[in-house]
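Note that ligands are numbered from 1 as they come in the structure, with each ligand's atoms numbered from 1 the same way.
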Amino acid sequence: MYTRASHLMLMLLALMISACGGGGNSTHSTPTEEVPETPVEPSNPEPTDPEPTDPEPTDPEPTDPEPTDPEPTDPEPSDPLMVNGDFENGEVSPWVGNSGEVVLTNISSQSRSGGNSLQISGRTQNWQGALYGLTNRVVEDSTYHISAWVRMDNVASSNVSMTVKVSDGNGDNYLPLAQGTATDTGWIELAGNYTVATSGEVAEIAFYIEGPDAGVSYLIDDVTVTDINDDDLLRVDVEHLSALVEFPIGVAVPAGDAGNSVLNSPERQAIVEQHFSQITAENIMKPSYLQPSEGRFFFDDADALVAYANNNGMSVHGHALIWHFQIADWMANYSGDAQAWQQMLEAHVTEVASHFEGQLDSWDVVNEAFLDDGSYRNVDVGNDLGSVWYQNIGPQYIEYAFNAARAADADVDLYYNDYNISWNDTKLDAILTMAQDFLDRDIPISGIGFQMHVDKSGPGKAKIKQQFQKVVDLGLKVKITEVDLRMNADGRATTLTNQLLLQQKARYQEIVEAYIETVPPSLRGGISVWGIADPDTWIVPLYGNPDWPLMFDDQFQPKPALQGFANGLAVIP
Ligand code: XIL
């Protein structure tokens, strides 16, 4: 997630920027670093052995009859991989206790997503738990990713683990797959890969969740089993992503002097023009670029980008009129009283919004004015950079910016934009208190922008829907403005595996589904991803780990994530 650590990095970026001479074009810090190769694992290598060229035998072979009914070597499994992994049907089956004492109950008082989960109680041994049979569901030699979410029920915390049980000619074998510490305040994921061994007759394959002491009960939800080499799951078959819906599907693009500028990159243009209906300038419409020195505005690069969008039938989302970051030195160091600061802010907003009047769909009017604890960004606190706007004007700077933007452009949608609000209630609630106050006092605001720089493991769909719903309840538009998915926050991955590709696909899908299922058509401001292809991502230079947060890979090929996004759009009723 975009957290304190990222602010530390932004701070470092800010230092680097000021070290290289301040505002204007010197703030071009679009990442151009190479990310490591991201090979896609071959799913089923064809045998390369040549046919044997043995000479015909001169002596006729003994005439043993050919077996008439050869045993199939790779029987197709007869049952679906996962049934009732989300417990939404209100039932327990096909889950069973791995011992007679275990009591399984489908409950609706707690769940990670949807309404239900499975409660495991009555346990008299620490190895007892809920078991799911895989015997007729899996195929020899295939590798499966098994994931389950766990929460404690009647104790504050406990170790839990996931175990695969294989019974064959050698007896019962128990393979530990994943371990973790679960609590009663949230859900943790246990996940691991299991490859079905080829040796011997297998009587039973199953997995179960175990570990807590006797008497302890716990909950599981959202259990999935995925064949990570399944070509069908990895396939991408999306012709024109944005053509699937009426609302904007956008992408942030590098432009101006950036080495990876979309305007100089045929492979990036191909992606943008094929799949997106809107663009956002990743950097070049921020204050430091548009007003590099006081009163001297520079619109050439932004105009070229807007012209590119127009020529290709795409709309433009403006980003960002007022932000505490990526402002030129003269602005950061401006001296004057509150009134002078207000005039300086209004002059910037008015000049920029007027310049683009009638050309943009929407603006991020103010970006990141709140902190995670719901307070206004003020002075530097820890890793959180302060805001010169708040320090010199007070909280009114936000409404001054919205008023000036509306005065300059009567029709453009005006967004307040921030990060972490897809999961942080305190922060979103503070922002919505401000938005409600704006509505009450007729300060023009059209919607809330959710940046959604999120992680592969959370927030979950149910939480995201709750947060969108709060905005919908105010009658404001919801726009996902900057989604990307960090796949390697813990730094353990060195290559982009099929497993990560499929996890990412599922995450893009659930985020898009959460949007479609919660935001009614009239309030859909659109969904934009923060970058075209993985080599462009800001995440790698920011955090340092290899990562692959976007929907196209370093060869500019579509990833399963694109299919997940499209599948999510398809839930439109
Ligand atoms: C980032 C860009 O992607 C980087 O190229 C730049 O160096 C720093 O800014 N939230 C925002 C975006 O609103 O403007 C940020 O973009 C990412 C976080």
Asp364, portion touching ligand 1 at heavy-atom distance under 4.0 Å: neither
Thr481 and ligand 1 - part of the residue with a heavy-atom distance under 4.0 Å: neither
Quick one: does [X] get an N or O within less than 3.5 Å of an N or O on ligand 1?
X      : value
Trp323 : no
His319 : yes
Gln451 : yes

Whether Tyr419 lies under 4.0 Å from ligand 1, heavy atom: no
Would you mind checking if [Y] and [X] are paired as a salt bridge, meaning a charged N to carboxylate O distance below 4.0 Å?
X      : Y      : result
Asp536 : Arg268 : yes
Glu246 : Arg524 : no
Arg492 : Asp490 : yes
Lys479 : Asp364 : no

Any donor-acceptor N/O pair, Asn424 side chain to Asn420 backbone, under 3.5 Å: no
Numbering as shown, the atoms of ligand 1 that approach Asn367 to under 4.0 Å (heavy-atom distance): 11 (C), 13 (O)
Atoms in ligand 1 with a heavy atom of Glu282 nearer than 4.0 Å: 2 (C), 3 (O), 4 (C), 5 (O)
Geometric class of the Phe552/His275 ring pair [parallel <30°, tilted 30-60°, perpendicular >60°]: tilted
Parallel, tilted or perpendicular, as decided by the 30° and 60° cut-offs, for the rings of Trp323 and Phe325: perpendicular
From Lys286, Met285, His453 - option closest to atom 9 (O) of ligand 1 by heavy atom: Lys286
